[in-house]
Amino acid sequence: MDDYRKIADALAAQIADGRLRAGDRLPPQRRFARQHGIAGSTAARVYGELVRRGLAVGEVGRGTFVRAGRPPAEPALAEPADALVDLELNFSVLPEQPALVAASLGGMLRPDVLESALRPAGAAGAGPDREAAARLLSRAGWAPDPGRVLFAGNGRQAIAASVAALVPPGERLGVEALTYPVVKGIAARLGVTLVPLAMDEDGVTPEAIRSSGPLRAVYLQPTLHNPLGGTMPARRRAELADLLRELDLFAVEDAIYAFLREDLPPLADLAPDHVVVVDSLSKRLAPGLTTGFAVPPERLTGRIAAALRSGGWSAGRFALDAATRLLADGTAETVQRAKCRDAAARQTLMRERLAGFAVEADPHAYHCWWRLPEPWRAETFVAAAARRGIAVSPAAAFTVGTGHAPHAVRLALASPAMETLSSALDTLAALARMAPEDTTAD
């Protein structure tokens, strides 16, 4: 074996066992050559071999760096596999994002910047944080007061703090009958009782709230509802806003997907004294870059800030500084616009591949709700899809209370490559056209 390959093997072993980590810069080639007693041309071949193997990446003017591990290849759809095509978890990281984010955050690695970023942060952040977040969250004429923007580690923590501040243990929180599953876990840990609220094609009905008995608050997803994918029309929003004021009832409005529909203001625009808006960067950017936001009415700001602190749910300073940079320099907005186009393209693809089936979704959503044809049941369909290497979510995951879960599944469209998504949807369509008993031998 050539000497340069032996040296490359040794470096590969250091990368494999963690002595060289993702992002570490390798020595300049001249220094590396001196350290190993080899010619400069041999050092260049060593680095070239590491790049060829996918273990390093060369950046013009900066040097050669250990590369982050590549994600595992997505499995063939026709064969069972331990790793599934993921139509269950819903997050999007576009191909151009890493370069954009790297350019935005590179300045944070300077020692003088890190000195500040490594300090703790409060729930209220600093003035520049609040101004940047308020600009991000503004839409359709609604703009939050920067002085009322609070920060959490992620969107889930913003929801948890809001519920904890509004609903004492043992009290009741109204939620849509089909809702974000994490809310069920949050309520269980806080000792809060969930009350399912009936829905129609426009979302939760005012009558369901009025007839539910005493509630301390409601949790709602008016825009791009998860899992149903629909968006509440302006008329229903106005009816709910009137009801919140009439009952003096607070609502936690989850706006996590609302960046894909900036033409509609939040419910908080109609009932500013009764609605807490929660949001995060996890869908706009990526789960690994998330920061959560809560924008409460003025009279609730202190209570929710206290809940963030006591629950340990405040954002870290480094994460908050990173978020503020991404917001201030336009990176977050650039990625958001690209994701709006990406979500619309995926919806178009889904409607083509599942034409003829009862699929519901806003054309801007990153997910859809599929009411399965008879005689399919959700759990049977999920199992049959898994045997073909595709993970989907059954309706029962989103159902609140003891009521019967509909025979439906949610498809998360955001994560797979478009080619993989297309093949997966074709496979699911073919599966749905079969009789369940014809699939059990697969």
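Numbering starts at 1 and runs along the sequence shown.
- When only modelled atom types and interatomic distance are considered, D362 and T231 share a side-chain donor-acceptor pair under 3.5 Å.
- Side-chain contact, Y257 with N90: a donor N or O sits under 3.5 Å from an acceptor N or O.
- By the neighbour-count criterion of 12 heavy atoms within 6.0 Å, atom CD of E96 is densely surrounded, having more than that number from other residues, nucleotides or ligands.
- Y219 is not listed as a side-chain neighbour of I186, based on a closest heavy-atom distance of 4.5 Å or more.
- To the nearest 0.5 Å, atoms CG (N154) and OG1 (T291) are separated by 9.0 Å.
- With no hydrogens or angles considered, a side-chain donor-acceptor pair links S104 and D329 at under 3.5 Å.
- For the side-chain contact (heavy atoms from CB on, under 4.5 Å) criterion with L197, the lone passing option out of V218, T205, V175 is V218.
- Applying side-chain contact (heavy atoms from CB on, under 4.5 Å) to V275 and the options L300, V252, L244 leaves one that passes, L244.
- Checked by atom type and distance alone, the side chain of E253 never pairs as donor or acceptor with a backbone atom of P222 at under 3.5 Å.
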Apply side chain to side chain contact (heavy atoms under 4.5 Å, CB included) to the pair L228 and E176, showing each step before the final yes or no. CA-CA 11 Å; L228 299 179; E176 292 134 328; over 6 Å; no
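- Considering every non-hydrogen atom in both P296 and I304, the closest pair reads CB-CD1, 3.6 Å.
- Shown here is R19, whose CZ atom has more than 12 heavy atoms of other residues, nucleotides or ligands within 6.0 Å.
- Residues F318 and M108 are in side-chain contact: their nearest non-hydrogen atoms beyond the backbone lie under 4.5 Å apart.
- Side-chain contact between F398 and S393 is present, with at least one heavy-atom pair separated by less than 4.5 Å.
- In terms of modelled atom types and a separation under 3.5 Å, the side chain of K339 and the main chain of K283 share a donor-acceptor contact.
- Put simply, the side chain of V167 does not reach to within 4.5 Å of the side chain of L190, judged on heavy atoms.
- In this model, no donor atom of one side chain and acceptor atom of the other lie less than 3.5 Å apart for R346 and H367.
- A distance of 11.0 Å separates CZ in R156 from CG in D254, rounded to the nearest 0.5 Å.
- Side-chain N or O atoms of E298 include none that pairs as donor or acceptor with a backbone N or O of R148 at under 3.5 Å.
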Any chance you could lay out the salt bridge (Lys or Arg N to Asp or Glu O under 4.0 Å) test for D269 and R139, step after step, and finish with the verdict? CA-CA 10 Å; D269 186 49; R139 68 178 196 271; over 6 Å; no
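- T223 and R237 share a side-chain donor-acceptor pair at under 3.5 Å.
- No donor-acceptor contact under 3.5 angstrom links the side chains of R309 and S314, judged on distance only.
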Could you go step by step and tell me if L267 and M232 meet the side chain to side chain contact (heavy atoms under 4.5 Å, CB included) rule? CA-CA 10 Å; L267 188 60; M232 185 180 291; 5.7 Å; no
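- Relative orientation of the F151 and F293 rings is perpendicular, given thresholds of 30° and 60° on the angle between their planes.
- For the residue pair T324/D129, the side-chain donor-acceptor check at 3.5 Å is satisfied.
- Separation of atoms CG (L105) and CZ (R325) is listed at 7.5 Å; rounding is to 0.5 Å.
- For V113 against G107, the heavy-atom pair with the smallest separation is CG2-O, 3.6 Å.
- Taking CZ of R317 as the start and CZ of R119 as the end, the distance is 11.0 Å to the nearest 0.5 Å.
- Taken from CZ in R433 to CG in L428, the straight-line distance is 11.0 Å, to the nearest 0.5 Å.
- Counting heavy atoms from C-beta outward, W369 and L178 have side chains that approach closer than 4.5 Å.
- Minimum interatomic distance between S212 and V195 (heavy atoms only, all atoms of both residues): CB-CG1, 4.2 Å.
- With Q347 contributing its side chain and A365 its backbone, the two residues share a donor-acceptor pair below 3.5 Å.
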Test log, rule side chain to side chain contact (heavy atoms under 4.5 Å, CB included), inputs H274 and R299: CA-CA 9 Å; H274 290 83; R299 56 177 168 158; 3.3 Å; yes
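- Looking only at distances, no side-chain donor or acceptor of Q14 sits under 3.5 Å from a matching main-chain atom of L20.
- The main-chain N or O of E262 is never found under 3.5 Å from a side-chain atom of H364 such that the two would form a donor-acceptor pair.
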Audit row: V101, L289, side chain to side chain contact (heavy atoms under 4.5 Å, CB included) steps and yes/no: CA-CA 10 Å; V101 172; L289 289 172; 3.9 Å; yes
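- Under the 3.5 Å distance criterion, the side-chain polar atoms of R353 are left unmatched by any main-chain donor or acceptor of L425.
- Ion pairing of E246 with R210 is present here, as a side-chain N (NZ or NE/NH1/NH2) and a carboxylate O approach within less than 4.0 Å.
- By the 4.5 Å heavy-atom criterion applied to side chains, L137 and V277 are not counted as neighbours.
- In the displayed structure, R245 atom CZ is contacted under 6.0 Å by more than 12 heavy atoms of other residues, nucleotides or ligands.
- Summarising the geometry of V276 relative to P297, their closest heavy-atom pair is CG2-CD, 3.8 Å, with the distance given to 0.1 Å.
- The backbone N or O of R216 sits nowhere less than 3.5 Å from a side-chain atom of R172 that would complete a donor-acceptor pair.
- Using a 4.5 Å cut-off on side-chain heavy atoms (C-beta onward), L166 and L173 make no contact.
- When every heavy atom of P144 is checked against every heavy atom of S138, the shortest pair comes out as CD-OG, 3.5 Å.
- Residues T290 and G155 approach most closely at OG1-N, 4.4 Å, considering heavy atoms.
- The CZ atom of F381 lies 4.0 Å from the CH2 atom of W370; values are rounded to the nearest 0.5 Å.
- Taking 4.5 Å as the limit, some side-chain heavy atom of V66 sits within range of a side-chain heavy atom of D24.
- Not one N or O on the side chain of T380 forms a donor-acceptor pair closer than 3.5 Å with the backbone of W376.
- Side chain of S415 to backbone of L89: a donor-acceptor contact under 3.5 angstrom is found.
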